[in-house]
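Let me begin by presenting the structure, written as structure tokens, before commenting on it.
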Number of protein chains: 2
Amino acid sequence: MSSTATKSNGRGRPKVRPSVLGNRKPSARASAAEKEQDIYDAIVASVMGQRLKPGTKLPELALCELFGVGRSLVQKVLQRLAHDHVVQLRPNRGAIVAMPSPEEVGQLFEARRALEASVLPLVAERAARADYASLRRQLREEHKAMHRYAQTQWAGLASAFHLRLGELSGNPILYRYLSEIISRCSLVVALFQPPGNATCEHEEHVRVVDYLEQGNVRAAQREMKRHLIDLEHHIRLVEESTDQSLADILGLAAE
Amino acid sequence: MSSTATKSNGRGRPKVRPSVLGNRKPSARASAAEKEQDIYDAIVASVMGQRLKPGTKLPELALCELFGVGRSLVQKVLQRLAHDHVVQLRPNRGAIVAMPSPEEVGQLFEARRALEASVLPLVAERAARADYASLRRQLREEHKAMHRYAQTQWAGLASAFHLRLGELSGNPILYRYLSEIISRCSLVVALFQPPGNATCEHEEHVRVVDYLEQGNVRAAQREMKRHLIDLEHHIRLVEESTDQSLADILGLAAE
DNA sequence: TCCTTATTTTTTGTCGTCAATTAATGACTT
DNA sequence: AAGTCATTAATTGACGACAAAAAATAAGGA
């Protein structure tokens with residue numbers, strides 16, 4: 001018999017109360033809506049920062065204690081996360097961090113190519129000189145930042161250009177769809193991204209703006225499409241090169 | 001003093017317990033998930049059938065009694081309806097049936113044109129002979145049904161063609177976005193549709209399929225775009241011709 | 001030794017209850 | 001008489017509680 005276990009009959013599921021997830025103080029008191037957003041942001045940030053790996057379970061009670069809120073708020077957040085494909089929600093089995101299959105990744109990038117191409121004509125139709133100037137300014141900032149920051153924080157900056165294009169389309173609906181897709185792509189990139197490699201997308205971005213400003217929409221679409229295909233290929237390479245981590249992932253999922 | 005009101009001091013908000021909404025028996029016992037879907041479908045059907053007019057309030061308690069479920073289920077349904085833009089959810093003020101502004105309608109149709117155009121190349125790339133045959137069969141059915149049924153039930157059939165195209169694209173993500181947009185468009189059509197007018201879209205649909213099967217994607221896109229612009233114009237005309245109903249709508253919203 | 005089974009804990013799904021905000025009227029004031 | 005204020009109902013927001021399903025292990029059998 002072990003020394004510490006006092007007569008534990010040992011039948012049934014073992015109690016795992018230690019709650020390995022670090023205990024975070026409930027921070028400053030905030031309104032419920034803000035708390036909800038905080039929880040959402042915290043989970044998204046953890047997934048993006050690879051501290052929550054795909055397949056990890058997210059029990060409601062743990063999140064409740066961790067953030068000091070009731071289950072209704074946690075459920076609402078999980079619902080939203082599921083809608084944004086950050087987590088997967090299985091009936092009666094709870095939420096786990098999403099792990100998109102290679103097939104889904106393909107569909108994701110295909111949809112992204114289609115959407116971004118559809119957005120460009122609207123941009124060309126509506127953007128003014130000042131908008132192009134602001135785009136180019138943003139591209140310069142992005143280029144400078146790329147060398148300065150770690151790519152973890154830089155991940156968001158890379159998408160900013162694409163998001164800005166969606167914004168310039170002047171159509172909020174297409175913009176929201178594009179935001180959703182870009183977020184999911186960023187998540188995929190984050191999942192397969194070994195630290196310290198990031199493609200420089202600067203030149204391709206500049207070319208897209210050039211074509212747009214010249215009024216050559218067709219060329220801009222071609223350039224954008226090629227750029228996105230490049231990005232996908234890059235992900236695929238990384239994905240293949242790290243298939244031993246796939247075992248890790250499965251191991252962790254089984255945990 | 002009135003005869004029935006026994007000493008009602010009459011101060012404060014009057015009690016309006018009669019619950020004017022007809023009481024529906026809780027029907028057959030179903031699993032919770034099915035009940036949720038039932039509630040969702042019932043509300044969508046009521047909105048589509050113009051029995052729930054824009055601006056109508058949807059109190060949670062009323063829905064609870066009406067369907068015999070707790071508030072959590074109703075809240076989940078309202079959340080979903082809000083996400084699908086069937087209802088509008090205002091903080092602390094409950095849900096009302098959505099009433100899209102003319103501007104939103106414009107953005108909606110613009111987004112739809114963009115999406116449907118993006119889908120066509122994928123369809124042309126992937127559809128096989130059998131798919132085109134099935135499309136044409138569906139078009140014939142649609143044409144026959146158009147003369148037989150009332151347009152209320154026919155509203156769903158009209159969208160079926162477009163949905164099928166989205167399905168044939170082979171991309172579930174684009175298909176879901178297209179479904180969302182088409183649903184919202186159908187809702188707009190339902191809102192502004194006086195009984196007994198429906199455009200015959202048959203010929204235009206056939207032309208799109210013709211072009212697609214010939215491999216002339218560009219022409220198919222042009223045809224589709226024109227078809228959708230026609231549809232939007234038709235809505236606009238109806239909308240203008242019924243602006244006295246706008247007063248009705250506002251009156252009802254103030255109720 | 002491996003597979004099946006029984007039991008216990010965990011975890012989710014749903015409901016009812018309480019506090020807080022909003023809406024709607026009558027009463028009061030100018 | 002019209003506008004403002006106070007009082008009351010209605011309604012949402014959030015929490016905790018109970019029941020049901022799933023998960024995880026030890027015990028028992030082939």
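Computed from a predicted model, the values in this text were never measured in an experiment. Within every chain, numbering begins at 1; the chains are lettered A, B, ... in the order of the sequence lines, protein sequences first and strands thereafter.
What separates CG of B/Leu58 from P of D/dT11 is a distance of 12 Å, to the nearest Å. Between the CD atom of A/Glu34 and the P atom of D/dG13 there is a distance of 16 Å, rounded to whole Å. If you take CD1 of B/Ile96 and C1' of C/dT22, they are 15 Å apart, rounded to a whole angstrom. Taking atom CG of residue B/Leu89 and atom P of nucleotide D/dT11, one finds them 15 Å apart after rounding to whole Å. Atom CG of B/Leu78 is separated from atom P of D/dT12 by 8 Å (rounded to the nearest Å). Distance, B/Leu61 CG to D/dA9 P: 16 Å, rounded to whole Å. Separating the CD atom of B/Glu36 from the C1' atom of C/dC15 is a distance of 15 Å, rounded to the nearest angstrom.
Remark on DNA chain D: of its neighbouring residues B/Ala95 and A/Pro91, the 5'-side contact belongs to B/Ala95, judged by nearest-heavy-atom nucleotide. Mapping B/Arg71 and A/Asn92 onto DNA chain D by nearest heavy atom places B/Arg71 closer to the 5' end of the strand.
Side-chain nitrogen and oxygen atoms of B/Lys76 include at least one within less than 4.0 Å of the OP1 or OP2 phosphate oxygen of C/dT14.
With hydrogens and angles left out, the side-chain atoms of A/Gln107 and A/Arg112 include no donor and acceptor closer than 3.5 Å. Between A/Gln37 and A/Arg80, the side chains place a donor N or O and an acceptor N or O closer than 3.5 Å (distance only, hydrogens not considered).
To the nearest 0.5 Å, the span separating OG1 on A/Thr56 from CE on A/Met99 amounts to 9.0 Å.
One cannot find a donor-acceptor pair under 3.5 Å joining the base of D/dG13 and the side-chain atoms of B/Arg93. Between the side chain of A/Arg90 and the base of C/dT12, no donor-acceptor pair of N or O atoms lies under 3.5 Å.
Counting only heavy atoms from C-beta outward, the side chains of B/Phe161 and B/Glu142 approach each other to under 4.5 Å.
As judged by a 4.0 angstrom heavy-atom cut-off over every strand, B/Gln75 is placed among residues making no nucleic acid contact.
Environment of NE2 in B/His83: crowded, with over 12 heavy atoms of neighbouring residues, nucleotides or ligands closer than 6.0 Å.
In the set C/dT12, C/dC15, D/dT12, C/dC15 carries the atom at the smallest distance from any side-chain atom of B/Val69. The nucleotide whose nearest atom lies closest to any side-chain atom of B/Glu60 is, among D/dT12, C/dT14, D/dA14, D/dT12.
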